[in-house]
Structures are given as structure tokens and as C-alpha cells.
Amino acid sequence: MTSAAKFLLLTAVFGLLAACRKEPQTNQGHSISGSTMGTYFRVTLSEFPNGIPEDTLQTTLQARLDRIDDLMSTYKPDSEVSLFNRSDSTDWFPVSTETATVVIAALEVFEASNGAFDITVGPLVELWGFGSQESTNQLPAPAEIQELLATLGSHQLHARLDPPALKKDHAELRIDLSAIAKGYAVDSLAASLEELGIPDYLVDIGGEMRAGGQKADHTPWKIAIETPTAKQRGIQATLPLHDMAIATSGDYRNYFERDGQRYSHEIDPRTGQPIRHSLVSVSILDTSCMQADAWATALIVLGPEEGRALAEQAELPAFLIIREGSDFRQIETSAFIPHLP
Ligand code: FAD
């Protein structure tokens, strides 16, 4: 399944879900939207800024997203990341500051999550039929998984900012920024808006969100965390979002079933297998959407006990949803509780 076919993990509660590029002013504000990275983006502003034509703003935001896509996509053969992946060299490979920044953050979360978050997992994602290659609809053979596992691991990847470059210990190592780059793009759009003197906004890229300031009616932006069911939409919780980002990872939209078994796109790099436990959704709050995005994947890979324990230890504001039969139970970490309404 491509991500274009996926639904939203997080939805804005006030219902700005139309897919048109520009929408008329609503009582919540102005909305600019479009497509990026195999999904949608939507920017809602409390007030449209004086002196900036709407078309100019749309073009500026789309150009920012197009640049990140051109640099970091594994769906584009000529992106910076794809060129690095195809390179045979094990010398430093010059990249943009943006790509180096994201890879450095990914390596930090790799360390802090004991390897659960690992951007070298891409070949396994492809092997299981997710990612940019067409799925073969075959379950991979255990020997194939073991063979790939032996070559993967972010401990074989290096990144620096001065000058920005990446380095791999062996030529076959590849990176996949799918679990972190959308968050980076959210932060980047928020920074663009603030540079333009726009303090009140809600940025949403494929369900990863960041809110600045407040709504037109001077109340906080509010977001909803979805109940993790593939077939019907429901709301598990709503919360105000004030100068903060939220990102969600789940196993309930992007998966396939074979012989009654669910296979998710979230891959455990320790086993090479899609995750198989009762933790079905993780939402993380952070001032950085990039961090929230990466940590949401890290915790869902770690599972209900280990994920929760690490979130508590690292004082991460995390909202976990656990499947219990046909019901769901939610757990908020201690750092999340102050953010509840
Ligand atoms: P998240 O939980 O945020 O990430 C899950 C993804 O991370 C998995 O699908 C896998 O790729 C990877 N992953 C799995 N396990 C791990 C792990 N243990 N550690 C680290 N990563 C892991 N999709 C398209 O269909 N067409 C496109 O043209 C396209 N272009 C893209 C361009 C860019 C720059 C990016 C970042 C993504 C693009 N995507 C595209 C992918 C798409 O939008 C993804 O489905 C999305 O990024 C995954 O986000 P998520 O919120 O569903 O899941």
C-alpha cells in the first residue's frame, strides 16, 4: 500500500479535511493545502497576513516542501538520499545541511532507543512489501531476512554538519527517512511562517502537526488523536496544542493481512519482522516535530512495556493506545498528563 492510500493518523478536530489546494476562509481561519511526500499538507492560519499575496504564500510553502522531497525522498531516484544509497563510496558523501541535520537527529534517536529506531531498515521495509518498490505480495523467507539483518544497522552510518556529509561503513548500507523527514518538514514550514511574521498557525503534513500561537477566536488550536481502527473513524482523545508538535505512529493503517496475521510497516530492526504486539498507536508531543516523529516510531517498535518504560525514563510526553480484544486502553506517560485538557 502506498502512503497516498493511507488515511490520517491525527486529524484536526475542527474538520478542515477537504483536499482542495486553497480553501475559503472559515471561522477557524484560512487554509492552504496541497500534496507532498505521498500525502497531503495543510496550513491553517488564524489571520491571513497583510502584504503577502495568498499565491505567494502557497508557492513559498510548496517550494520548501518540494526541496525537502527532492533531498530526502527514497521514491525519487535522483534525490540526495537516493544518490547516497546508490553510491559505492565509503568516503564522506557531501549532502545538504538539511539532510545532514535529519540524519544526525536519527542517529541520536537510534542510540537513545537502543536501536529500535533505525533509518537503515529500508531494505527490510521493501522486503516486507512496504516502501517505494512495488510489493510482490510474498512473505519473505526467513533466510532472506537474516541475510539483510546482518548488513543493516545505524552504527555503520556517520553524519556531520561541517561540512555537511554522510558516510557509510559498507557500500550496500542505505537510509530511509520516512519515519523522521515528515516531522522535519512540519518544523520547516513552521519556521518559514514565523520568518514571514505569521505567529498563529497549525501545520499538518500527513497527520504530523505543529501549532504556533492560537486560533482566530483566541483559543488554543485543538487536535484529535484517532482511535486506531482501520475501518471506522473515531476520536480517542482531544487536546490543545500550544507552540508544540505532535506526531503519531500506528500499525493500523499501513499493513496487510495473511492467514489472519497482521503485518505492519513498522519493522523491528532487532528481529527483521513487522511489529507484533498490542501497542497499536503512539503519539508524542515535543517542541520539535522531527523528534516527535522519530520517537513515535521508536516507541511503537519497542512495544507496550519497553516503549512505555523508555518514555517514562526519558520523560517523553507519550500517549499510548493498547489493543485489548476488541477494545482499546490508553496510557499517558507522566510527562503527557500536564498536556491533557
Ligand atoms: P511513521 O511511523 O512515521 O514511519 C514508518 C515508516 O518508517 C515505515 O513505512 C518505514 O518506511 C520506516 N520504518 C519502519 N520501521 C522503522 C524503524 N524501526 N526505524 C525507522 N524507520 C522505520 N510515499 C509515497 O507513497 N509516495 C511518495 O512519493 C513518497 N514520498 C516521500 C518523500 C519523503 C521525503 C518522505 C519522508 C516520505 C515519502 N513517502 C512517500 C512516504 C510516506 O509519506 C510514508 O508513508 C511516511 O513517511 C511514513 O509515515 P507514517 O506517518 O505513515 O509512519
Side-chain angles (χ1 to χ4, degrees), residues 1-10 35-41 64-77 79-82 98-99 102-103 105-107 109-110 113-135 149 152-154 157 174-186 188 204-209 226 228 246-256 263-275 279-284 289-303 307:
M1 184 194 292
T2 65
S3 70
K6 284 191 286 169
F7 293 90
L8 317 185
L9 296 175
L10 283 162
S35 304
T36 188
M37 303 177 201
T39 185
Y40 70 92
F41 78 89
R64 190 74 202 108
L65 292 171
D66 290 350
R67 174 164 168 84
I68 296 170
D69 199 26
D70 286 346
L71 293 174
M72 301 184 203
S73 177
T74 43
Y75 293 75
K76 291 190 165 175
S79 74
E80 199 167 69
V81 161
S82 294
E98 292 101 311
T99 300
V102 173
V103 173
L107 290 176
V109 180
F110 168 75
S113 67
N114 306 317
F117 182 81
D118 190 342
I119 57 168
T120 69
V121 83
L124 279 170
V125 175
E126 302 284 356
L127 186 68
W128 280 99
F130 303 100
S132 57
Q133 306 298 317
E134 204 56 44
S135 168
L149 266 182
L152 307 181
S154 283
L157 176 68
R174 285 156 50 192
I175 61 172
D176 167 8
L177 301 179
S178 291
I180 187 168
K182 259 191 305 146
Y184 174 79
V186 168
S188 187
D204 173 0
I205 304 181
E208 322 298 18
M209 294 183 177
E226 270 193 342
I246 186 163
T248 296
S249 286
D251 84 334
Y252 59 101
R253 296 281 191 223
N254 196 2
Y255 67 89
F256 65 86
Y263 296 92
S264 154
H265 68 138
E266 310 283 4
I267 307 291
D268 188 335
R270 299 166 298 184
T271 61
Q273 303 279 336
I275 56 167
L279 179 58
V280 287
S281 169
V282 176
S283 299
I284 302 282
C289 198
M290 173 172 71
Q291 290 288 332
D293 199 7
W295 273 107
T297 299
L299 294 195
I300 202 152
V301 166
L302 286 170

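Atoms within each ligand, like the ligands themselves, are counted from 1 in listed order. Keep in mind that what you see is a predicted model, and the values were worked out from it rather than measured.
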Quiz item: Would you say the side-chain atoms of T248 pair up with the backbone N or O of S283, donor to acceptor, closer than 3.5 Å?
Solution: no
Self-check item: Within-cut-off N or O pair, T39 and ligand 1, under 3.5 Å
Solution: no
Quiz item: What's the verdict on side chain to side chain donor-acceptor pair (under 3.5 Å) for Y75 and D69, showing C-alpha distance, side-chain angles and the deciding distance?
Solution: CA-CA 9 Å; Y75 293 75; D69 199 26; over 6 Å; no
Self-check item: ligand 1-proximal atoms of I180, by part, heavy-atom distance under 4.0 Å
Solution: neither
Quiz item: Which atoms from ligand 1 have a heavy atom of F117 less than 4.0 Å away?
Solution: 19 (N), 20 (C)
Quiz item: For ligand 1, which atoms sit closer than 4.0 Å to a heavy atom of A181?
Solution: 36 (C)
Practice problem: Identify the two heavy atoms, one from V102 and one from I180, that lie closest to each other, and give their separation to 0.1 Å. | Solution: CG1-CG2, 3.6 Å
Self-check item: Per-atom contacts of ligand 1 with V121, taking only distances under 4.0 Å to non-hydrogen atoms
Solution: 13 (N), 15 (N), 16 (C), 17 (C), 21 (N), 22 (C)
Quiz prompt | Proximity of Y75 to ligand 1 by residue part, where a heavy atom lies under 4.0 Å | solution = side chain
Quiz item: How far apart are the closest heavy atoms of W295 and I284, and which atoms are they?
Solution: C-CG1, 4.0 Å
Quiz item: What's the shortest heavy-atom distance between S113 and A298, and which atoms?
Solution: CB-CB, 3.8 Å
Quiz item: Is D118 touching ligand 1 with its side chain, its backbone, both, or neither, if touching means heavy atoms under 4.0 Å apart?
Solution: backbone
Quiz item: Just which atoms of ligand 1 are under 4.0 Å from any heavy atom in V301?
Solution: 18 (N)
Exercise. Looking only at distances, please establish whether an N/O atom of ligand 1 is found under 3.5 Å from an N/O atom of T248.
Key: no
Self-check item: Nearest heavy-atom neighbours spanning G115 and P269
Solution: O-CG, 3.4 Å
Quiz item: Does any N/O atom on G206 come nearer than 3.5 Å to any N/O atom on ligand 1?
Solution: no
Practice problem: Taking all heavy atoms of G250 and all of I300, pick out the closest pair and write down the distance. | Solution: CA-CD1, 3.7 Å
Quiz item: Is there a nitrogen or oxygen of G250 sitting under 3.5 Å from a nitrogen or oxygen of ligand 1?
Solution: no
Exercise. Measure the CG-OG distance between D66 and S73 for me, rounded to the nearest 0.5 Å.
Key: 11.5 Å
Quiz item: Where does D268 meet ligand 1, judged by heavy-atom distances below 4.0 Å: at the side chain, the backbone, both, or neither?
Solution: neither
Exercise. Check each atom of ligand 1 against the heavy atoms of M72 and keep those under 4.0 Å away; list them by number with element.
Key: 34 (C)
Quiz item: Is there a side-chain contact (heavy atoms from CB on, under 4.5 Å) between R270 and L302 once you walk through the steps?
Solution: CA-CA 10 Å; R270 299 166 298 184; L302 286 170; 3.5 Å; yes
Self-check item: Geometric N/O contact I267 with ligand 1, under 3.5 angstrom
Solution: yes
Exercise. State the atoms of ligand 1, each with its element, that fall below the 4.0 Å cut-off from a heavy-atom position in D293.
Key: 3 (O)
Practice problem: Would you mind running through ligand 1 and noting each atom that sits below 4.0 Å from a heavy atom of A116? | Solution: 17 (C), 18 (N), 19 (N)
Quiz item: Backbone, side chain, both or neither: what part of P269 comes under 4.0 angstrom of ligand 1, heavy atoms only?
Solution: side chain
Quiz item: Does ligand 1 have an atom that lies less than 4.0 angstrom from a heavy atom of F130?
Solution: no
Quiz item: Taking heavy atoms and a distance under 4.0 Å, where does E208 meet ligand 1: side chain, backbone, both or neither?
Solution: side chain
Self-check item: Polar side chain donor-acceptor pair, Y40 to D204, under 3.5 angstrom
Solution: yes
Practice problem: Carefully, step by step, assess V301 and D118 under the rule side-chain contact (heavy atoms from CB on, under 4.5 Å). | Solution: CA-CA 10 Å; V301 166; D118 190 342; over 6 Å; no
Exercise. Kindly confirm or rule out an N or O of K182 lying under 3.5 angstrom from an N or O of ligand 1.
Key: yes
Self-check item: Nearest heavy atoms of V109 and Q291, plus distance in Å
Solution: CG2-OE1, 3.9 Å
